[in-house]
Amino acid sequence: MRIYDTLEREIVDFIPRIAGEVSLYACGPTVYDHPHLGHARQALTYDMARRYFEWNGLKVHHVANVTDIDDNIINRANREGVTETEIAEEWETIYIEAMDDLGILHPHDRPHATSYVQEMIDFIATLLEREAAYATESGVYLRVRSVPGYGDLVHRTPDELAEGAGARVDVDEAKEDPLDFALWKHGKPDEPTWDSPWGPGRPGWHIECAAMSLGILGDGFDLHGGGTDLVFPHHTNERAEAIAAGRTFSRYWMHNAMVNIGGEKMSKSLNNFTTVRALLDEHPLNARALRLLLLQTHYRKTLEINSEVMEQAREGVKRIDAMLRKATGAGITLTTTERDPEAIEQFRSAMDHDFGSPEALATVFDLVRRANGAIDTADADASSLVSTAVELANAMGLSVGSSQGSSEDQDDDTAEIEAMVERRSQAKAKKDFAEADTIRDQLAALGITVEDTATGPIWFRN
RNA sequence: GCGUCGGUGCCCGAGCGGCCCAAGGGAACGGCCUGCAAAGCCGUACAGUCGCGGGUUCAAAUCCCGCCCGGCGCUCCA
């Protein structure tokens, strides 16, 4: 397995800390608003990675945090006149529901910043002991220039980073250096606080991820991921905190590219975002179509999402579904014993190269085409081709053939539909095509498509 | 401005120096199948070339240099 490592800035061999196991930390959301397509891409990227590792038989420990205290949450709580906890809980629930609907596997651990305050305090105490941090009247700060290799992740020296820093950030006169950032902020009125050796206050920046990732996964864990916009300052500073504390941090860094809309990054601040919920509500196939669209684009490439590409992706999903429908109609059942070894090898080879999901998916679609042909000609290979296609698609979370969509609420009229399909067959047998077509139109009006196959008609909901 | 990533057919988008006269998906066109459809299969046109100009190499979409254009980062941000 080879992965593009942001730190090395090249594709490197990925060798887990413990053979056969992968520890993965993917920065999760700050919960104060709807997740948008950018969050979906982030979550889907690491879901893909995790699924692929697991498909390969690796034991994955996937950690994704929830940041449940920060300025945005405090601001929203004050604006709405409720507590920070209420805001965080409300939006975390909405976030998790959205991710569930996207078919994203739950991380094995979902730590909350507010549950790790003591660990953060201990962490900061260590930094002070090592003189990598200092206290002022406003809080505790990391002495950034004391950290060896600071800026390596963004490939900038502290001096280069300092060029813009003073101009953009309010310069706190008490800080030794403009680059230094708060590890602990002393409490202000109208803010929740925790007791600490430095007085009541709250955690500063980046420290929650450093404390939680090392706390749960331990030193030298394997892989740390997030969006490219987190490389600086978030990941750079998390890493600095860990190094300054004498810890070994993540050994590989992965960053997914942004989702663009209208040529610009989708983001809260630009207010140009589409929420996951809005996309999901727009079409029942969109959860799977979004996953397909993202998988068809390499995770490190910026992707523009609009209604046109979503429509194209939905057609792709339909193509895979149609194959399975056709196979089922022809009496083919999925097997776990027969496989197309060549396709499996191609798939694995593509994914092993820095998660080459677009190429991996190309082998799936090749399989779909070959399977369709085999079904048409009643070829003996049909069953293994179909099974392999379904297995590989599902390895990427495309939910082929599972209880996708709304299977439970569609039972009430099934008998009626089947009766109509039967009447149409009888009409066809009597060569009463006008009647047959009338029934087909009626079914279409109910959102039902009927397809005639060599083994009789099959129907499905659009 | 500095840093970084990218510019491939009608659209999306792979392509890890020779297996690329460039994958896969979508759309289009023709044929087969069908009572007609749908789905599917087969085939065709699309990129004679991979933003532009140089260079390295026996060989470049793939490496190097310059230029043009765009994204992202330098600020909360997935």
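Because only heavy atoms are used, hydrogens play no part in the values below, and waters and symmetry mates are left out as well, while side chains stay in. Numbers restart at 1 for each chain; the letters A, B, ... are given by sequence-line order, proteins then strands.
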Side-chain N or O of A:Arg319 less than 4.0 angstrom from OP1 or OP2 on B:rC41?
-> yes
Using a cut-off of strictly less than 4.0 Å, decide whether A:Arg156 has a side-chain nitrogen or oxygen near OP1 or OP2 of B:rC74.
-> no
Going by distance alone, is a donor N or O of one side chain under 3.5 Å from an acceptor N or O of the other, for A:Asn65 and A:Thr67?
-> yes
Looking at A:Asp441, A:Asp432, A:Asp452, which hits salt bridge (Lys or Arg N to Asp or Glu O under 4.0 Å) with A:Arg424?
-> A:Asp452
How far does the P atom of B:rA38 sit from the matching atom of B:rC29, given to the nearest Å?
-> 12 Å
Would you tell me if any nitrogen or oxygen in the side chain of A:Asn72 comes within less than 4.0 Å of OP1 or OP2 on B:rC76?
-> no
Neighbours of RNA chain B within residues 353-360 of chain A, by heavy-atom distance under 4.0 Å = A:His353, A:Pro358, A:Glu359
Which residue pairs satisfy the side-chain hydrogen bond (donor to acceptor under 3.5 Å, both in side chains) criterion with at least one member in residues 27-40 of chain A, sequence neighbours excluded?
-> A:Asp33-A:Lys268
Taking atom P in both B:rG9 and B:rC5, compute the distance separating them and give it to the nearest angstrom.
-> 23 Å
Between the side-chain atoms of A:Lys265 and the base atoms of B:rC77, is any donor-acceptor pair under 3.5 Å?
-> yes
With side chains defined as the heavy atoms from C-beta onward, is the minimum distance between A:Phe232 and A:His155 less than 4.5 Å?
-> no
How does protein reach along nucleotides 29-35 of chain B, written 5' to 3' as B (base within reach of a heavy atom under 4.0 Å), S (only sugar-phosphate), or - (no contact)?
-> ------B
Whether A:His255 and A:Trp253 hold their rings parallel, tilted or perpendicular, with breakpoints at 30° and 60° = parallel
What's the base orientation of B:rG48: syn (chi within 90° of 0) or anti?
-> syn
Measure from the ring center of A:Phe249 to the ring center of A:Tyr25 and say whether it is less than 6.0 Å.
-> no
Quick one: does A:Asp68's side chain have a donor or acceptor within less than 3.5 Å of a partner on A:His112's backbone?
-> no
Separation between the P atoms of B:rG55 and B:rC50, rounded to whole Å = 15 Å
If you pin A:Gly263 and A:Tyr4 to their nearest nucleotides in RNA chain B, which one's is more 5'?
-> A:Tyr4
How would you label the contact of A:Ala257 with the nucleic acid (heavy atoms, under 4.0 Å): base, sugar-phosphate, or nothing?
-> base
Does anything in residues 292-306 of chain A reach RNA chain B, meaning a heavy atom under 4.0 Å, and if so which residues?
-> A:Gln296, A:Thr297, A:His298, A:Lys301, A:Thr302, A:Leu303
Return yes when atom CD of A:Glu342 has more than 12 non-hydrogen atoms of other residues, nucleotides or ligands closer than 6.0 Å, and no otherwise.
-> no
Has the side chain of A:Arg2 got a donor or acceptor atom sitting under 3.5 Å from an opposite partner on the base of B:rC16?
-> no
Between A:Phe14 and A:Tyr252, ring centroids under 6.0 Å | yes
Under-4.0 Å salt bridge between A:Asp180 and A:Arg145 | no
Sticking with atom C1', work out how far B:rA61 lies from B:rC19, rounded to a whole angstrom.
-> 16 Å
List for me each residue that meets ring-ring contact (aromatic ring centres under 6.0 Å, His included) alongside A:Tyr150, sequence neighbours excluded, and say none if there are none.
-> none
Check whether any side-chain N or O of A:Ser349 sits under 3.5 Å from a backbone N or O of A:Glu345 as a donor-acceptor pair, and report yes or no.
-> no
Determine yes or no for a side-chain-to-main-chain donor-acceptor pair under 3.5 angstrom, with A:Asp109 supplying the side chain and A:Pro111 the backbone.
-> no
Both distances under 3.5 Å, Watson-Crick or G-U wobble: on that basis, could you give the dot-bracket string for RNA chain B, with [ ] for crossing pairs and | for other-strand partners?
-> (((((((..(((.....[.....))).(((((.......)))))......(((((..]....))))))))))))....
Would you confirm whether A:Asn256, through its side chain, and A:Tyr299, through its main-chain N or O, come within 3.5 Å as a donor-acceptor pair?
-> no
